[in-house]
Amino acid sequence: MRCGPLTLEIPPGALSAPTTITVRQPDAPWGAVGPAFDLGPDGLAFAAPATLSISYDGLDLPPGTLPEGLRLSVMDRGRWVQLGDGSNDPSARKASAPLDHFSTYGLVPDPREVSGRGTRWEANGVVLETSEDLFARLYVSPAAVSVFLGGEAA
């Protein structure tokens, strides 16, 4: 099944009965790059894993976000959790992972840290600018943003 940048491959026998699958695009929670996808019906579990792929071809990535760092993630209790067996194919510009149930899925960048002297730092769509030359360390993950500013490297 294909719906825009999303592809879902369900192996034979993974569903016990014919099923109508729904795809909704909710507002993407903070931390996602591009659209999120809410797959239904809720509570559906597969007897054998399905494979979900999301293409990021043509997607404008936030400044400082590396395409090879995007991972397919699931929204779990209000936070993004990377799918453990996921992969990213930068040449095909898509991230994929096996699924055993439906939920909300999206592309989330790996945590990223940048540091050094200057007046501007970018990581995963977060931009830090200062009015004077300083040392800074900027860490951005789907769950947190951390900033250290100082005159010298820590």
Side-chain angles (χ1 to χ4, degrees), residues 1-116 118-129 136-147:
M1 175 187 113
R2 188 175 178 113
C3 180
L6 178 140
T7 302
L8 179 64
E9 297 173 28
I10 301 172
L15 295 172
S16 58
T19 304
T20 299
I21 295 171
T22 60
V23 179
R24 224 176 35 88
Q25 284 188 357
D27 291 335
W30 186 88
V33 173
F37 297 93
D38 186 25
L39 303 178
D42 289 338
L44 178 74
F46 298 106
T51 301
L52 177 65
S53 299
I54 299 178
S55 170
Y56 51 89
D57 192 34
L59 186 64
D60 287 332
L61 298 178
T65 302
L66 303 175
E68 60 271 15
L70 295 175
R71 298 290 178 260
L72 197 55
S73 300
V74 62
M75 181 56 67
D76 182 21
R77 292 177 280 220
R79 67 184 185 94
W80 288 112
V81 177
Q82 286 185 5
L83 296 172
D85 293 337
S87 64
N88 182 329
D89 183 352
S91 63
R93 298 190 55 84
K94 71 177 180 177
S96 303
L99 305 181
D100 59 4
H101 70 285
F102 280 157
S103 189
T104 300
Y105 297 92
L107 294 174
V108 176
D110 281 335
R112 185 132 181 262
E113 181 178 303
V114 294
S115 61
T119 59
R120 182 179 170 90
W121 302 264
E122 297 179 5
N124 288 340
V126 174
V127 178
L128 171 66
E129 292 184 320
R137 181 174 299 120
L138 172 63
Y139 172 83
V140 180
S141 79
V145 174
S146 167
V147 175

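Along the sequence shown, residues carry numbers from 1.
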Can you check whether P109 reaches L66 side chain to side chain, under 4.5 Å on heavy atoms?
no
How far apart are the closest heavy atoms of E122 and V114, and which atoms are they?
O-CG1, 3.5 Å
Taking the side chain as every heavy atom from C-beta outward, state whether T65 and L70 have any atom pair closer than 4.5 Å.
yes
Verdict with reasoning, M75 to W80, per side chain to side chain contact (heavy atoms under 4.5 Å, CB included):
CA-CA 5 Å; M75 181 56 67; W80 288 112; 3.5 Å; yes
Check whether any side-chain heavy atom of T22 sits under 4.5 Å from a side-chain heavy atom of L39, and report yes or no.
no
Hey, are R71 and D110 close enough for a salt bridge, meaning a charged N less than 4.0 Å from a carboxylate O?
yes
Can you tell me how far the CG atom of L52 sits from the OH atom of Y105, to the nearest 0.5 Å?
7.5 Å
Does a side-chain heavy-atom distance below 4.5 Å link V127 with R120?
yes
Counting neighbours of CG on D85 that are heavy atoms of other residues, nucleotides or ligands and sit closer than 6.0 Å, is the number greater than 12?
no
Separation between CD (E9) and OG1 (T51), nearest 0.5 Å, reads 5.5 Å
Check for a donor-acceptor pair, side chain of W121 on one end and backbone N or O of R137 on the other, with a separation under 3.5 Å.
no
Between P5 and F37, is there a side-chain heavy-atom distance shorter than 4.5 Å?
yes
R93 CZ: over 12 foreign heavy atoms closer than 6.0 Å
yes
Please test V23 against M1 for side chain to side chain contact (heavy atoms under 4.5 Å, CB included), starting from the C-alpha separation and ending with a verdict.
CA-CA 11 Å; V23 179; M1 175 187 113; 3.3 Å; yes
Rounding to 0.5 Å, atoms OG (S103) and NE2 (H101) come to a distance of 4.5 Å
Less than 4.5 Å apart, side chain to side chain, heavy atoms only: is that true for T19 and I10?
no
What I'd like to find out is whether the side chain of P90 reaches to under 4.5 Å of the side chain of N88, using heavy atoms alone.
yes
Do the side chains of L99 and L8 get nearer than 4.5 Å, heavy atoms only?
yes
D76, CG atom: more than 12 neighbouring heavy atoms under 6.0 Å:
yes
